[in-house]
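Presented below is the structure to which this report refers.
Computation of the quantities below employed the complete heavy-atom set of this structure, encompassing side-chain atoms and omitting hydrogens, waters and symmetry-equivalent molecules. Chain naming here is simple, since letters A, B, ... match the order of the sequence lines and numbering starts at 1 in each.
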There are 2 protein chains.
Amino acid sequence: MVTIVDVAQLAGVSTSTVSHVLNGTRNVEPATRGRVLDAIEKTGYRQDALARALRRSRTDSIGLVVSDAGEPAFAGMVHGVEQGAVDHDLTLVLANSAEDPAREMRAVRALLERRVDGLIIARCAESSPALTRYLDDAATPVVLLDRLADNSPFDQVGADNRESMRRLATHLHSSGHRRIAVLAGDTRVPTLRERLEGFFDAMPSEGLRDQAILEGHDDAELRSALIGHLRGGAYTCVIACSTPLAVTALESMRDAGLRVPEDLAFATYDGFTHSDLFSPTITTVRQPAFEMGTAAVKLLIDRSASPQSSPRTMRLRQTVELRTSTEEHRIQVG
Amino acid sequence: MVTIVDVAQLAGVSTSTVSHVLNGTRNVEPATRGRVLDAIEKTGYRQDALARALRRSRTDSIGLVVSDAGEPAFAGMVHGVEQGAVDHDLTLVLANSAEDPAREMRAVRALLERRVDGLIIARCAESSPALTRYLDDAATPVVLLDRLADNSPFDQVGADNRESMRRLATHLHSSGHRRIAVLAGDTRVPTLRERLEGFFDAMPSEGLRDQAILEGHDDAELRSALIGHLRGGAYTCVIACSTPLAVTALESMRDAGLRVPEDLAFATYDGFTHSDLFSPTITTVRQPAFEMGTAAVKLLIDRSASPQSSPRTMRLRQTVELRTSTEEHRIQVG
DNA sequence: CTGTTAGCGCTTTCAC
DNA sequence: GTGAAAGCGCTAACAG
């Protein structure tokens with residue numbers, strides 16, 4: 001391997017001069033500079049980021065831990081974080097906790113040992129409290145992504161889940177839906193809890209007991225619960241609070257012989273790509289996943305600039321995309 | 001920051017003993033070992049991966065450069081590579097070239113400077129020859145992913161594009177389709193070129209001139225070319241060679257008022273997730289993206305084990321999933 | 001079974 | 001404008 005020493009020798013200068021040429025950290029006589037550049041060229045020298053990082057105590061890298069790399073929404077965030085990293089000349093170290101708290105802990109540990117300059121984390125559903133303590137102790141700036149906490153000591157960026165659900169549910173209610181089944185999923189996940197809260201916000205309290213709220217993390221249970229509720233024909237609309245839940249809902253409805261939107265209206269969060277090309281097209285609340293990723297990196301950068309400022313929470317606005325699955329003319333007002 | 005020295009002092013041993021306890025690299029008397037472990041516990045010591053890597057000349061990390069982090073197929077590969085990395089106790093450094101050769105070059109450089117132990121790369125469409133030379137020189141093992149080269153000096157893993165297209169086209173031909181429009185896209189990309197070759201393989205040579213082969217990287221041009229071809233009603237089937245091309249095709253057909261499968265059969269590569277839930281369901285050749293990712297990591301590991309063995313090419317089998325978009329009974333045999 | 005010590009390749013005072 | 005030299009935190013001979 002060719003090191004800075006080789007370059008220095010060939011150029012007939014000291015290693016410190018080479019270093020300063022490399023980094024532009026002090027004035028170097030043009031002639032000297034030229035010789036150094038030549039020597040770099042000739043030797044094919046490449047800076048060693050490891051040694052540099054060790055010496056400078058910064059790696060110019062950030063870590064990202066996502067809870068489910070397989071989900072399109074998280075893939076979008078990964079994409080956004082990568083873009084944010086490139087924009088700030090950082091490299092990205094990626095880990096996937098796969099919704100496993102132990103694996104999440106290992107990932108965070110590994111990233112911290114690699115001395116990432118910042119850590120972005122979409123915590124998993126049953127993230128251990130030990131992780132919180134661990135992060136508190138770490139000197140590294142942390143940004144929470146997507147799954148936010150109240151009173152978080154960290155910066156965080158997510159979506160306006162509660163507000164967007166309020167908009168969606170209000171729209172459905174004003175379209176005449178009086179009995180809605182909400183596939184809320186695992187409400188230990190803040191994102192899903194917030195969406196459910198938004199639904200409660202929107203429903204007039206006297207009508208609340210007519211709604212079916214299906215919570216839980218067991219897919220088979222959710223499925224049978226949903227089918228059970230829909231059998232009687234009492235509900236006119238189903239809302240799924242995430243893409244996996246939408247799959248559960250659509251499959252359940254299909255298995256029960258219920259068509260969207262003829263028999264039931266349907267709306268989902270996150271949804272499916274290119275929904276417009278297929279039938280039925282699905283009313284969807286879309287998360288700005290990519291933008292959440294870039295915003296997370298920005299929060300990290302800002303934090304480094306002012307380490308003492310109080311933690312910020314960013315909520316990016318989601319858009320309710322109305323499509324045929326909730327088309328008004330098909331609703332039977334009860 | 002608490003270092004190995006602090007631990008050694010507290011435990012009353014030398015740093016080398018601490019190091020050996022940490023790494024299990026030599027026998028340590030249980031009592032000594034216990035004191036060291038205690039000291040580690042008390043001080044909250046964490047190994048510094050940077051210093052360790054610098055000393056050992058290995059980082060236990062691998063780099064991945066994908067050409068389009070936004071594409072689901074690549075997201076799947078990222079997911080697979082991450083899993084492969086975890087399985088081998090490696091961390092993953094991710095970069096996205098976004099189909100930009102300059103950015104690709106920068107990414108590779110950055111990863112090499114970070115001294116990743118291996119590099120997995122899905123090269124972009126117009127990847128510069130300079131990159132090839134650069135990689136040749138690098139001592140780091142390289143695995144090409146998805147977009148393969150003939151006579152590559154590197155290990156590589158992709159899909160059986162040519163064979164799977166042969167299977168698909170043969171099926172369509174034997175279903176009665178005699179005039180097929182193939183949206184081949186940018187055939188500078190090996191993956192797309194291989195798919196097109198498979199189509200040529202499958203078509204009887206005397207019928208070849210009846211087929212429409214639409215190549216190019218300009219979406220608007222492809223779109224108008226396709227519509228032009230379809231207007232006359234001469235073609236009974238469209239094949240799209242990637243998801244973006246499928247979007248182009250479906251939009252074009254919709255705009256031209258042509259329905260799938262009533263007016264035209266349609267099949268695509270990669271396709272859409274959960275296609276079974278929507279109508280029409282689309283006949284799809286599915287890429288085992290996740291498995292390609294894990295396989296790439298495995299090739300990297302194998303390469304480290306036997307650096308001198310000759311380069312291997314792996315082609316993972318794609319499955320042709322037949323659905324309603326190509327249903328036989330709708331075809332008018334010409 | 002344990003300790004001493006020489007670096008890994010680089011940045012950055014400090015001195016000239 | 002330039003150089004000498006002290007480490008960053010760790011591992012692994014080498015020596016006992």
Proximity to the side chain of [X] - top-ranked nucleotide from [options]:
X: A:His20; options: C:dT13, D:dC10, D:dA12; answer: C:dT13
X: B:Ile4; options: D:dG1, D:dC10, D:dG3; answer: D:dC10
X: B:Ser16; options: C:dT4, D:dC10, C:dG9; answer: C:dT4
X: A:Thr17; options: C:dC10, D:dT2, C:dC8; answer: D:dT2
X: B:Asn23; options: D:dT11, C:dG9, C:dC1; answer: D:dT11
X: B:Val28; options: C:dG9, D:dT11, C:dT2; answer: C:dT2
X: A:Thr32; options: D:dT2, C:dT12, C:dA6; answer: D:dT2
X: B:Asp48; options: D:dC8, C:dG3, D:dG9; answer: D:dG9
X: A:Ser19; options: D:dT11, C:dT12, C:dC10; answer: C:dT12

Is a side-chain donor-acceptor pair under 3.5 Å present for B:Ser67 with B:Glu104?
-> no
Base C:dG3 paired with B:Arg26 side chain (donor-acceptor, <3.5 Å) | yes
Report the distance from atom [atom1] of [X] to atom [atom2] of [N], rounded to the nearest whole Å.
X: A:Arg58; N: D:dC8; atom1: CZ; atom2: P; result: 19 Å
X: A:Leu54; N: D:dT11; atom1: CG; atom2: P; result: 12 Å
X: B:Ile40; N: D:dC10; atom1: CD1; atom2: C1'; result: 13 Å
X: A:Gln9; N: D:dA4; atom1: CD; atom2: P; result: 12 Å
X: B:Glu29; N: C:dG3; atom1: CD; atom2: P; result: 11 Å
X: A:Arg52; N: C:dG9; atom1: CZ; atom2: C1'; result: 12 Å
X: A:Leu22; N: C:dC10; atom1: CG; atom2: P; result: 8 Å
X: B:Glu113; N: C:dG9; atom1: CD; atom2: C1'; result: 13 Å

Test item: B:Met77 and B:Phe290 side chains (from C-beta on) under 4.5 Å apart, heavy atoms | no
Is the closest side-chain heavy-atom distance between B:Ile40 and B:Leu10 below 4.5 Å?
-> no
Of A:Thr25 and B:Asn27, the one whose closest DNA chain C nucleotide lies more 5' = B:Asn27
Most 5' of B:Val13 and B:Ser57 on DNA chain C, judged by nearest nucleotide = B:Val13
State which residue, out of B:Val116, B:Val142, B:Thr140, B:Leu119, fulfils the side chain to side chain contact (heavy atoms under 4.5 Å, CB included) condition with B:Val108.
-> B:Leu119
Can you check whether B:Thr3 has a side-chain N or O nearer than 4.0 Å to OP1 or OP2 of D:dG9?
-> no
Please work out if A:Arg33 contacts a base, only the sugar-phosphate, or nothing of the nucleic acid, heavy-atom cut-off 4.0 Å.
-> nothing
Distance-minimising heavy-atom pair for B:Leu112 and B:Tyr134 = CD2-CE2, 3.6 Å
Backbone N/O of A:Arg123 and side chain of A:Arg147: donor-acceptor pair under 3.5 Å | yes
